[in-house]
There are 2 protein chains.
Amino acid sequence: MADRVYNFSPGPATLPVEVLEQAAKDVVNFKETGIGLIEMSHRSKEFMAVAENTEKLLRELMGIPANYKVLFLQGGASSQFFMIPMNLLGDGKKATYLNTGTWSKKAIKEARLFGDIDVAFSSEDQTFNRVPTQDEYTVAPDSEYFYFVSNNTIYGTQFPKFPETDSILISDMSSDILSRKIDVSKFGIIFAGAQKNMGPSGVTIVIIRDDLLDRTPAGTPTMLTYKTHADKGSMFNTPPCFPIYAVGEVLKWLKKQGGVEAIETRNVEKATLLYDFIDSTDYYRGHAEKSSRSFMNIPFNLPNSDLEAKFIAEAAELGLNGLKGHRSIGGCRASIYNAFPREGVVKLVEFMKNFESANQG
Amino acid sequence: MADRVYNFSPGPATLPVEVLEQAAKDVVNFKETGIGLIEMSHRSKEFMAVAENTEKLLRELMGIPANYKVLFLQGGASSQFFMIPMNLLGDGKKATYLNTGTWSKKAIKEARLFGDIDVAFSSEDQTFNRVPTQDEYTVAPDSEYFYFVSNNTIYGTQFPKFPETDSILISDMSSDILSRKIDVSKFGIIFAGAQKNMGPSGVTIVIIRDDLLDRTPAGTPTMLTYKTHADKGSMFNTPPCFPIYAVGEVLKWLKKQGGVEAIETRNVEKATLLYDFIDSTDYYRGHAEKSSRSFMNIPFNLPNSDLEAKFIAEAAELGLNGLKGHRSIGGCRASIYNAFPREGVVKLVEFMKNFESANQG
C-alpha cells in the first residue's frame with residue numbers, strides 16, 4: 001500500500017494491514033454466510049466461534065492459567081478504575097496504589113469512593129518521569145490488593161521489572177499488554193483497553209483469577225459484577241462484536257509473528273533505535289529517566305515549542321503521523337506498539353537527524 | 001450481491017449493504033488519509049468529524065431539541081438499567097415502571113438497588129403478550145420518573161401510543177428507535193443499543209434532557225455519571241470508534257431513504273404483509289395480542305414444536321435466516337427492522353404458504 005502512512009498515534013493505534021484487509025472482507029460477508037460480521041447475531045454459531053477463538057488465542061499467547069477468567073467488557077480501561085474497587089473493596093477495606101501517571105491518578109480517585117486508599121509512591125512532583133524501584137515503597141499489610149500501571153502512555157515510563165508482593169497484584173496493562181513476556185500467575189487482575197496493542201477501541205480485556213469473583217459486595221449492579229460476565233462467557237448481554245472479532249485477528253497476526261517473545265525482541269530493537277539516537281544528541285531530550293523508559297511510548301522535546309510544532313508539521317508531510325505529545329506535557333511522542341513497523345522508526349530517526357541539521361538555533 | 005441472505009436476526013441485525021461496503025473501504029484507509037478508521041486516534045480531526053456528524057444526523061432525523069444531550073456510551077442498554085436509577089434515584093426516592101417483558105423486568109431488578117420501585121402494570125402472567133392502555137395503570141405522584149420499554153423484542157409487543165404522564169418519561173427504545181416518528185420533547189431520557197435499527201453492537205445512544213444531568217448523587221463513579229460524558233461530548237475516554245462511525249453511516253442511509261417518516265411507512269407496510277397473512281390462517285399464531293403488535297419483531301408459532309424446527313431449518317436453506325424464536329418463548333420470530341428489505345418479507349410469506357400446504361397434520 002503505497003499510500004499508507006506511519007501512524008505514531010498513542011491509541012487507537014496502527015494495526016497490521018493484513019488485519020484491516022481481512023476485516024474489510026468480513027464486515028461485508030463473513031465466511032460466505034451471506035451475512036456481514038457486524039450484522040450477525042452474537043448467538044450465531046459463527047460469532048460464538050469468533051469469540052471463543054479470540055479468548056483461546058489470548059490464553060495461548062499470554063500463557064493464561066486455567067484458574068483465570070478472560071472477560072471482554074465495555075466501558076474502556078477507565079471503567080476498570082471503579083469496577084476493581086467496587087468489586088474488591090468496601091467500608092473499612094484498604095488497597096495500595098502506586099501513582100505513576102495520569103491513569104493511576106484517575107484510578108486512585110475512583111478507588112477512594114470505595115475504600116481507604118494508600119498511595120505508597122508518587123512521582124507526580126517530577127512530572128511522572130519515572131517509576132519506583134522495589135525499595136521505594138511498602139505495600140500496607142492489610143491491603144486487599146496492590147495496584148500499579150505497567151506502562152504510562154503519556155509520560156513514557158514503564159516498569160522494567162514488576163513489583164513483588166504478597167498482596168494481590170493488579171495491573172493496568174492497557175499500553176503494553178502482549179508487548180513482552182509476563183507471568184500471569186503473579187497477578188490477581190490484569191486489564192487493558194484493546195486500542196493499543198490488541199485491536200480497535202470498544203473492548204477491554206480483564207484477566208481475573210477466579211477466587212476474586214466471589215468478593216463483590218451485595219447490592220452491586222449486575223452489569224458491574226465481574227461474576228456476571230465470567231459466568232456467561234462475556235455474553236450476558238450483547239458484546240461489542242466487531243472489536244472482539246478484530247482483537248482475534250490481531251492475535252492471529254501476533255501468533256504468525258512468533259508470539260509475544262518474538263515481538264518483544266522486535267519492540268526492544270525498535271525502541272533502542274530511537275533511544276540510542278536521542279542519547280547521541282542534546283537537541284532532543286527524552287522525558288523519562290533512563291531506568292524507567294518505555295518501549296511503547298517515547299515522549300521527547302526539542303529545544304523549544306516553536307521547533308516542536310515545526311517538527312510535527314514537517315514529519316506529517318513526510319508521512320510520519322501522530323507525533324504530537326499529550327497536551328499535559330506537550331512536545332512530541334512516538335508510540336511504537338507491536339504493529340508499528342521497524343521501517344517507520346528508521347524513517348523517523350532519519351528525519352530527526354535531518355531536522356536537527358536544518359534547524360540549528 | 002447474489003449470495004446475500006435475508007437475515008431476520010433480532011440483533012445484531014441486518015444492515016444496509018451500502019453501509020457494509022463503505023465500512024469495508026474505510027476500515028482500511030479512511031478518506032485517503034493512509035490510516036484505517038479503526039486505527040485512527042479518536043482525537044484526530046477526521047474522527048472528531050465522524051462523531052460530530054453522527055450526532056448531527058441523529059439530531060436531525062429524530063428532531064432532538066437543543067436542550068437535550070446525545071451521548072454515545074458503552075456497556076449496552078443493559079448498563080442503562082442501573083445507570084438511570086443510579087443517577088436519578090437514591091435513598092427514599094421512588095420511580096414507577098411498567099413490566100412488559102424481559103428487558104423491563106431486568107431494569108426493575110437493577111432499579112430496586114437504588115430506590116423504591118412501583119410496578120404499576122405487569123403482563124408477566126400473560127407471557128407478556130400485551131402492553132397496557134393508559135387507563136390500566138397509575139403513575140405514583142411522588143415518582144422521580146416513569147419508565148417503560150417502547151418495543152419488546154422477545155414478545156413482539158409495542159406501545160402503539162406512548163404513555164402520557166406529568167412525570168419524567170424514560171423509555172428503552174433499543175428495538176424501535178428511528179423506526180417511527182416520535183416527539184422527543186415528551187421524554188426525559190430515551191436510550192437504545194445500536195444493534196437493531198442503528199448499527200453494529202458496541203455503542204448505546206442516550207438522549208437526555210439537560211436538567212437531568214444535575215441530579216447524580218455524590219460518590220457516583222466518574223464513568224457512571226451522565227454529566228461526565230455530556231460535558232466532554234462522549235470523549236471523556238476513548239469511545240467505541242467503529243460503532244459510532246457505523247451508526248453515522250446507517251443514519252446517512254436512513255436520510256437517503258427519506259428519513260424516519262418514510263421508513264415508518266415502509267415498516268408498517270412490511271409488518272402488515274406478515275400480520276395479514278398470519279391472520280388469514282390458523283396454522284400460524286402470533287404471540288402478541290393484536291392491539292399490542294410490534295412492527296419490528298413478529299414472534300409466531302406453528303401447530304407444534306417439531307414443525308417449528310422443520311420450518312426454521314427449511315427456511316434457512318432458502319436463505320431466510322435467523323427465524324428461531326427467543327429461548328424464553330420458543331417458536332419462530334421474524335425481526336424486520338428498518339434495514340430489512342420488503343422483498344425478504346414477501347419471500348417469507350410465500351415460504352410460509354408453501355410450508356403450510358406441504359405440512360398438514
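Only this structure's heavy atoms are used, side chains among them; waters, hydrogens and symmetry mates stay out. If you're wondering where the values come from, they're calculated on a predicted model, not measured in any experiment.
Only the side chain of R43(A) comes within less than 4.5 Å of a heavy atom in chain B; its backbone stays farther off. When heavy atoms are compared at a cutoff of 4.5 Å, F114(B) approaches chain A solely by way of its side chain, counted from C-beta outward. Only the backbone of T33(B) comes within contact range of chain A, judged by heavy atoms closer than 4.5 Å. Proximity to chain B is absent for every atom of K25(A), based on heavy atoms less than 4.5 angstrom apart. Heavy atoms closer than 4.5 Å to chain A are found nowhere in K324(B), neither backbone nor side chain. The parts of L15(A) that come within reach of chain B are both its backbone and its side chain, each placing non-hydrogen atoms under 4.5 angstrom from that chain. Only the backbone of T220(A) comes within contact range of chain B, with at least one heavy atom under 4.5 Å from a heavy atom of that chain. Looking at P239(A), the atoms closer than 4.5 Å to chain B (heavy atoms on both sides) all sit in the backbone: N, CA, C or O.
With hydrogens and angles ignored, the 3.5 Å screen pairs a side-chain donor or acceptor of S175(A) with a backbone N or O of N151(A). In this structure a side-chain-to-backbone donor-acceptor pair under 3.5 Å is present from Q74(A) to G75(B). The main-chain N or O of G34(A) is found under 3.5 Å from a side-chain atom of N29(A) such that the two form a donor-acceptor pair. Using a distance-only test at 3.5 Å, with no hydrogens or angles considered, no donor-acceptor pair links the side chain of D172(A) to the main chain of W103(A). In this structure, the side chain of S174(B) engages the main chain of G193(B) through a donor-acceptor pair within 3.5 Å.
If you tally non-hydrogen atom pairs under 4.5 Å between each of A24(A), G202(A), P12(A), G76(A) and chain B, the highest count goes to P12(A). Ranked by non-hydrogen atom pairs under 4.5 Å with chain B, the options L224(A), L73(A), N321(A), V203(A) are led by L224(A). Most heavy-atom pairs under 4.5 Å with chain B: of the set S9(A), S78(A), P200(A), A23(A), this distinction falls to S78(A). With chain B as partner, the option from F82(A), F81(A), F236(A) having the largest number of non-hydrogen pairs under 4.5 angstrom is F82(A). Counting heavy-atom pairs under 4.5 Å between each of G36(B), P85(B), G219(B), P10(B) and chain A puts G219(B) at the top.
Using the six-membered ring where Trp is involved, F30(A) and Y245(A) have ring planes that are perpendicular, over 60° apart on the 30 and 60° scheme.
At a cut-off of 3.5 Å, with distance as the only test, a side-chain donor of T222(A) or E110(B) sits close to an acceptor on the other residue.
A distance of 6.5 Å separates SG of C241(B) from CE of M235(B), quoted to the nearest 0.5 Å.
Atom NZ of K105(A) has 12 or fewer neighbouring heavy atoms from other residues, nucleotides or ligands inside a 6.0 Å radius.
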